[in-house]
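Below is one structure; the comments refer to it alone.
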Protein chains: 2
Amino acid sequence: MSKHIPEKVSNRLTLYHSIMVEYIENGLDTISSPQIAQRLGIDDSQVRKDFKLLNNAGKCRVGYLVKDLKDSIEKTLGFAHAKDAFIVGSGHLGLALAKYDNFNSYGLNILALFDNDPQKVDMQVNNKQIFHISKLPNLAKRLEVDIAILTVPRQNAQQVADFLINSKIKYIWNFTPAVLKVPPEVKVWNENIMGSFLQFACKDIIQED
Amino acid sequence: MSKHIPEKVSNRLTLYHSIMVEYIENGLDTISSPQIAQRLGIDDSQVRKDFKLLNNAGKCRVGYLVKDLKDSIEKTLGFAHAKDAFIVGSGHLGLALAKYDNFNSYGLNILALFDNDPQKVDMQVNNKQIFHISKLPNLAKRLEVDIAILTVPRQNAQQVADFLINSKIKYIWNFTPAVLKVPPEVKVWNENIMGSFLQFACKDIIQED
DNA sequence: AAATAATTGTGAAATAAATCACAAAAAATA
DNA sequence: TATTTTTTGTGATTTATTTCACAATTATTT
């Protein structure tokens, strides 16, 4: 099925997923669209339309089965297919991500970290080794890894990205504020942390008419 | 002016901003909408419409002045108004954010960190002190801080959020995967790191028809 | 000086997303 | 059993966003 999930929908699905995890922890079996909508401050019909996309039917007057919803969200978002990735840049952000065990439960498997600082090389973080960046091309080939999480300083971002592209990396999850130049076959996802903050700030904090 | 900047626009503005920084570093004075559009894989008329929103006129056959654009983006996104914030949770993510000096240049001023681990209390990170969480209410009041960056483990997220709300925190930038329950006067921005990844993954990596 | 090419600015059209409104279903209550 | 209430599912409407198309402008070339 070539069902295309729009970005906004998949973002909501992850929020629904968190709520399902919470409901399961609290031993609740069912949930209704108004309950979810109120929690997220959105319209309840939107929740139902999103669930329709998952082919997940609810029951009138009862709601949806929490367990079923959680499963279909995971299936739809591809949590099931584990994907291997490297973290490139073992600064604080890289290390934080390496320790972020949520990745694992969401199907992203960090195999190793890389850095160019000899001091860091051979350290272990959360059972993952830090390698010198020069080892990346070989390891990527041998382990068939084509996803890199880029957490180097902005100044080095493009140069390191070029190196990754030469190493046949096809997907770059870019945590640096640089806007990378890449060939069309390489996909970049800009995490843009400051961007999120500014959206937050613009919408709600500033506002002087 | 009560010009409302939609989320999608402000997200693009931050990307434009990064490109402007890069152009300035490379000594380039002007930039055209097709140049930017190609870089970001979007339509060039959209770039122009975004700039229109900034009241930033370009010059036919030449483009826009990079410096002017950077300034108006900063003015529009409120980079100029420094805002003070606390980081709550001094785990790896909290520490990484404390060291992320970009915050500062974008107008977000981290004053201090908090944790409940006595081992961490009184440590210094990037010239910012880690305080015991019990000190937060007083410091928030004295320093008039109403923004908190929440980086505690998911299990503690709601409980800590409740504590923050009692301490008169009004804006929570939530890096945990928990969906927080808050009263209407408190604004939450969910960073949802995994969400971004899954959007990335759904759009480009999976895709088995 | 005229022709050419690149670029802006913007209305119109197309696409996408969110909200509304309500019939149908089914649990709870009287 | 009949009535009430809650909730789903969805077509219609509205709103927002993106793309298209092109006139107007202006630097560059001939």
Side-chain angles (χ1 to χ4, degrees), chain A residues 2-16 19-20 23 28-70 72-73 76 190 192 195 199 202-203, chain B residues 2-16 19-20 23 28-70 72-73 76 190 192 195 199 202-203:
Chain A
S2 67
K3 200 171 13 179
H4 171 246
I5 308 265
E7 189 173 314
K8 291 229 174 166
V9 176
S10 73
N11 195 41
R12 284 196 299 268
L13 290 182
T14 63
L15 296 172
Y16 301 153
I19 295 177
M20 298 310 133
Y23 266 58
L28 300 166
D29 290 336
T30 58
I31 192 168
S32 71
S33 56
Q35 278 177 302
I36 297 171
Q38 197 203 17
R39 188 73 174 280
L40 296 173
I42 61 179
D43 194 90
D44 56 296
S45 69
Q46 178 150 77
V47 175
R48 292 195 293 279
K49 286 210 162 136
D50 289 339
F51 290 169
K52 181 79 193 300
L53 219 68
L54 302 175
N55 284 321
N56 210 305
K59 207 174 166 191
C60 279
R61 191 60 214 245
V62 173
Y64 300 84
L65 290 175
V66 173
K67 186 74 184 59
D68 287 0
L69 271 182
K70 176 165 170 284
S72 8
I73 293 171
T76 304
N190 291 306
N192 200 5
Q199 287 164 30
C202 283
K203 236 204 308 222
Chain B
S2 68
K3 201 170 15 177
H4 173 247
I5 306 265
E7 189 175 312
K8 291 225 172 168
V9 177
S10 74
N11 194 40
R12 283 196 299 269
L13 291 182
T14 63
L15 296 172
Y16 302 153
I19 295 177
M20 298 311 132
Y23 266 59
L28 299 166
D29 290 336
T30 60
I31 191 166
S32 71
S33 57
Q35 278 176 301
I36 297 172
Q38 195 204 17
R39 189 72 175 280
L40 297 173
I42 61 180
D43 194 89
D44 56 298
S45 69
Q46 179 149 77
V47 175
R48 292 194 294 279
K49 287 209 162 139
D50 289 340
F51 290 168
K52 183 80 192 302
L53 218 68
L54 302 176
N55 285 320
N56 210 305
K59 207 172 167 191
C60 280
R61 190 61 213 247
V62 173
Y64 300 84
L65 290 176
V66 173
K67 187 71 183 59
D68 287 1
L69 271 181
K70 177 165 170 282
S72 5
I73 293 171
T76 304
N190 291 307
N192 199 4
Q199 287 165 28
C202 283
K203 233 201 315 216

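Note that this is a predicted model, so its numbers are computed, not measured. To find a chain, count down the sequence lines: A is the first, B the second, and so on, and within it residues start at 1.
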Legend entry - Presence of A:Ser33 side-chain N/O under 4.0 Å of D:dT8 phosphate oxygens OP1/OP2: yes
Legend entry - N or O in side chain of A:Lys59 less than 4.0 angstrom from C:dA27 OP1/OP2: yes
Legend entry - Side chain to side chain, A:Ile36 and A:Tyr16, heavy atoms closer than 4.5 Å: yes
Nearest whole Å is fine: how far is [N] [atom2] from [X] [atom1]?
X       : N      : atom1 : atom2 : value
A:Gln38 : D:dT6  : CD    : P     : 14 Å
B:Gln35 : C:dA6  : CD    : C1'   : 11 Å
B:Asp50 : C:dT10 : CG    : C1'   : 14 Å
B:Glu7  : C:dA16 : CD    : P     : 19 Å
B:Leu54 : C:dT10 : CG    : P     : 14 Å
B:Gln46 : D:dA21 : CD    : P     : 16 Å
A:Asn11 : C:dA18 : CG    : P     : 10 Å
A:Leu65 : D:dT7  : CG    : P     : 15 Å

Legend entry - Touch class at under 4.0 angstrom, heavy-atom based, for B:Val62 against every strand present: sugar-phosphate
Inset, instruction - With heavy atoms under 4.0 Å as the rule, sort B:Phe51 into base, sugar-phosphate or nothing. - result: nothing
Enumerate the protein-to-nucleotides 3-5 of chain C contacts in which both atoms are nitrogen or oxygen and the separation is below 3.5 Å.
unit_1 : atom_1 : unit_2  : atom_2 : d
C:dA5  : N3     : B:Arg61 : NH1    : 2.8

Inset, instruction - Locate the shortest heavy-atom distance separating B:Leu65 from B:Thr30; write the atom from each residue and the value. - result: CD2-CG2, 3.9 Å
Looking at the side chain of [X], which of [options] is the nearest nucleotide?
X       : options                : answer
A:Pro34 : C:dA17, D:dT7, C:dT8   : D:dT7
B:Pro6  : D:dT18, D:dT17, D:dT26 : D:dT17
A:Asp43 : C:dA27, D:dT8, C:dC20  : C:dC20

Inset, instruction - Check for a donor-acceptor pair, side chain of A:Gln38 on one end and backbone N or O of A:Gln35 on the other, with a separation under 3.5 Å. - result: no
Inset, instruction - Please check if the side chain of A:Gln46 supplies one atom and the backbone of A:Asp43 the other of a donor-acceptor pair under 3.5 Å. - result: no
Inset, instruction - Verify side-chain hydrogen bond (donor to acceptor under 3.5 Å, both in side chains) between A:Tyr64 and A:Asn56, making sure each step is shown before the conclusion. - result: CA-CA 8 Å; A:Tyr64 300 84; A:Asn56 210 305; over 6 Å; no
Protein-nucleotides 10-12 of chain D N/O pairs under 3.5 Å:
unit_1 : atom_1 : unit_2  : atom_2 : d
D:dT10 : OP2    : A:Lys52 : NZ     : 2.7
D:dG11 : O6     : A:Lys49 : NZ     : 2.9
D:dA12 : N6     : A:Lys49 : NZ     : 3.2

Legend entry - Gap between atom CD1 of B:Ile42 and atom CG of B:Asp50 - 0.5 Å precision: 6.5 Å
Legend entry - Separation of A:Leu15 CG from A:Leu40 CG (nearest 0.5 Å): 5.5 Å
Inset, instruction - Kindly write out the residues that satisfy salt bridge (Lys or Arg N to Asp or Glu O under 4.0 Å) with A:Lys59, not counting sequence neighbours, or none if the list is empty. - result: none
